[in-house]
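Here is the structure we will look at.
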Amino acid sequence: MPIIKSAKKKLKQDKFRTIVNLVYRNKIKKTLKEAREKKTKKSLKSVYSALDRGVKKKVIHKNKAARLKSRLSKLVKNKV
């Protein structure tokens with residue numbers, strides 16, 4: 001356990017940020033899974049939104065989001 005006051009604060013911040021980041025990660029995973037099953041434009045839109053929000057909050061890297069969007073749009077395009 002931290003002894004220094006600033007280290008205690010950092011630990012507290014990290015715990016909170018971990019919880020917040022998990023919320024975004026789970027949302028991304030859930031919408032991706034849903035979109036891969038349904039393959040509709042509406043589900044594609046929700047995934048784009050979740051990925052962009054994750055990038056904005058620095059939960060995932062922007063290139064990873066771009067890669068996932070590209071692969072998913074290819075899936076939806078081939079289905080239609």
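Worth knowing before you read on, the calculation uses all heavy atoms, side chains too, and leaves out hydrogens, waters and symmetry mates.
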How many angstroms lie between [atom1] in [X] and [atom2] in [Y], if you round to the nearest 0.5 Å?
{"X": "Lys10", "Y": "Gln13", "atom1": "NZ", "atom2": "CD", "answer": "6.5 Å"}
{"X": "Ser46", "Y": "Lys30", "atom1": "OG", "atom2": "NZ", "answer": "9.5 Å"}
{"X": "Ile19", "Y": "Asp14", "atom1": "CD1", "atom2": "CG", "answer": "11.0 Å"}
{"X": "Ile60", "Y": "Leu51", "atom1": "CD1", "atom2": "CG", "answer": "5.0 Å"}
{"X": "Lys57", "Y": "Asn21", "atom1": "NZ", "atom2": "CG", "answer": "10.0 Å"}
{"X": "Lys64", "Y": "Ile28", "atom1": "NZ", "atom2": "CD1", "answer": "8.0 Å"}

*Under 3.5 Å, side chain of Ser70 to main-chain N/O of Ala66, donor-acceptor pair present?*
no

Just wondering, do [Y] and [X] contact through their side chains at under 4.5 Å, heavy atoms?
{"X": "Met1", "Y": "Leu11", "answer": "yes"}
{"X": "Lys12", "Y": "Lys9", "answer": "no"}
{"X": "Lys33", "Y": "Arg36", "answer": "no"}

_Heavy-atom pair of closest approach, residues Pro2 and Lys8_ = O-CE, 3.6 Å

*Between Val47 and Thr31, which heavy-atom pair has the shortest distance, and what is it?*
CG2-O, 3.3 Å

*asked:* Applying a strict under-4.5 Å side-chain criterion to I, L, V, M, F, W and Y, I'd like to know whether Leu22 and Tyr24 cluster together.
replied: no

*Would you please name every residue forming a side-chain contact (heavy atoms from CB on, under 4.5 Å) with Tyr48, sequence neighbours left out?*
Leu44, Lys69, Ser73

